[in-house]
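Side chains included, hydrogens not; waters and symmetry mates left out as well; all remaining heavy atoms used.
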Amino acid sequence: MGFGLGIIVILVLVLCGFADTICRTTWKRFYYTRGITFFSKDFDFPYQFNVKRVDLLKKRENSDKKYKSDIEFAPLAKNAIGFFDRPGKGSFGTKKRSYLSVLHGVLLYHEGKLTVAGIFDYFALLFVPVMMISVTAYIVWLFKQELPINALILAALLVVFVVGFIVALRKQRARFTEIGNIMVSIGQKEK
């Protein structure tokens with residue numbers, strides 16, 4: 001029974017990752033405007049909002065060499081621009097991510113306010129709890145089998161994973177906030 005459940009969990013994770021990728025790359029509006037929001041930040045934006053600024057926004061954001069990956073942008077509506085980290089291959093001159101991407105974002109304009117929001121990817125929402133629960137259950141099983149060293153090593157790896165996840169969230173939050181700042185500076189220059 002445990003093996004069959006493991007196969008089902010892996011299948012669900014794969015399907016969720018596939019759906020996540022399809023929704024992200026085909027720019028489904030519901031994907032970018034619905035979901036569990038990790039953070040949002042409002043900016044005063046007394047300028048004309050124009051989704052045609054996407055090319056300028058992309059050029060300005062991706063010229064920053066602080067990050068190893070590029071962000072893809074696309075208009076979703078007259079008042080919304082969606083974006084996500086494009087996966088890098090890391091060879092042949094392409095950029096590689098310097099962090100694990102677990103969020104996608106949206107810029108929403110409404111009555112003089114620009115909101116940038118970071119929304120959890122569907123895969124991250126499923127993968128993290130499944131990994132935490134399954135690894136914790138395995139650690140308990142290892143202790144019961146009198147393999148405490150193996151359990152401690154696995155517990156340490158779990159802690160490293162959690163810390164890495166938190167670091168990734170912080171990096172994406174900072175980067176997405178900078179996207180809001182760039183959009184405000186574009187509005188100021190076109191004033």
Side-chain angles (χ1 to χ4, degrees), residues 12-89 94-128 165-191:
V12 168
L13 287 172
V14 168
L15 290 174
C16 186
F18 184 69
D20 201 44
T21 301
I22 296 296
C23 290
R24 178 185 307 127
T25 57
T26 57
W27 301 101
K28 300 296 182 198
R29 185 173 178 187
F30 73 88
Y31 179 77
Y32 288 93
T33 57
R34 307 269 190 278
I36 297 177
T37 302
F38 172 65
F39 81 97
S40 69
K41 181 170 180 167
D42 292 331
F43 297 87
D44 287 328
F45 199 81
Y47 319 107
Q48 179 70 26
F49 185 83
N50 187 346
V51 293
K52 293 180 182 174
R53 293 186 182 129
V54 167
D55 290 335
L56 183 57
L57 179 61
K58 182 177 180 176
K59 182 179 178 184
R60 291 266 313 271
E61 202 289 327
N62 291 329
S63 67
D64 188 353
K65 300 301 179 200
K66 180 169 48 173
Y67 300 104
K68 294 181 180 177
S69 65
D70 286 340
I71 298 279
E72 290 293 327
F73 296 91
L76 302 173
K78 291 189 302 187
N79 68 334
I81 298 172
F83 58 92
F84 69 93
D85 274 305
R86 181 179 58 196
K89 293 180 178 43
T94 61
K95 294 181 180 182
K96 185 176 171 184
R97 276 195 205 129
S98 56
Y99 54 84
L100 176 68
S101 177
V102 293
L103 302 173
H104 55 278
V106 65
L107 289 165
L108 293 170
Y109 174 78
H110 183 68
E111 297 178 0
K113 293 280 185 201
L114 180 70
T115 301
V116 62
I119 302 162
F120 279 106
D121 293 343
Y122 298 157
F123 181 75
L125 281 177
L126 235 100
F127 180 74
V128 172
F165 184 73
I166 292 168
V167 167
L169 287 172
R170 291 179 60 124
K171 284 187 175 189
Q172 281 197 283
R173 180 182 183 150
R175 189 168 190 187
F176 289 9
T177 301
E178 185 59 28
I179 288 169
N181 290 329
I182 290 169
M183 193 65 176
V184 169
S185 73
I186 289 170
Q188 289 171 341
K189 288 182 181 178
E190 294 180 355
K191 186 176 170 184

**OP:** Pick out which of Phe84, Tyr32, Phe123, Trp27 makes a ring-ring contact (aromatic ring centres under 6.0 Å, His included) with His104.
**Re:** Tyr32
Subject >> Point-to-point distance, once rounded to the nearest 0.5 Å, from OH of Tyr122 to CG of Leu15 >> reply: 15.0 Å
**OP:** Could you tell me the separation between the SG atom of Cys23 and the CZ atom of Arg34, rounded to the nearest 0.5 Å?
**Re:** 13.5 Å
Subject >> Between CG on residue Leu103 and CD1 on residue Ile36, distance to nearest 0.5 Å >> reply: 11.5 Å
**OP:** Show your reasoning for whether side chain to side chain contact (heavy atoms under 4.5 Å, CB included) applies to Phe49 and Met183.
**Re:** CA-CA 9 Å; Phe49 185 83; Met183 193 65 176; 3.7 Å; yes
Subject >> Nearest-0.5 Å distance that lies between atom NZ in Lys41 and atom CD1 in Ile179 >> reply: 13.0 Å
Subject >> Steps toward side chain to side chain contact (heavy atoms under 4.5 Å, CB included) verdict (Phe43, Asn181) >> reply: CA-CA 8 Å; Phe43 297 87; Asn181 290 329; 3.0 Å; yes
**OP:** Output yes when a side-chain donor or acceptor of Asp42 lies under 3.5 Å from a complementary backbone atom of Thr115, and no otherwise.
**Re:** no
**OP:** Could you give me the CA-CA distance, side-chain angles and deciding distance for Ile71 and Asp85, then say whether side chain to side chain contact (heavy atoms under 4.5 Å, CB included) is met?
**Re:** CA-CA 5 Å; Ile71 298 279; Asp85 274 305; 3.1 Å; yes
Original post:
If you round to the nearest 0.5 Å, how far is CD of Gln172 from CG of Asp121?
Top reply: 7.5 Å
Original post:
Quick one: CD1 on Ile119 to CZ on Phe39, what's the gap to the nearest 0.5 Å?
Top reply: 9.5 Å
Subject >> Distance-minimising heavy-atom pair for Thr37 and Ala117 >> reply: CG2-CB, 4.2 Å
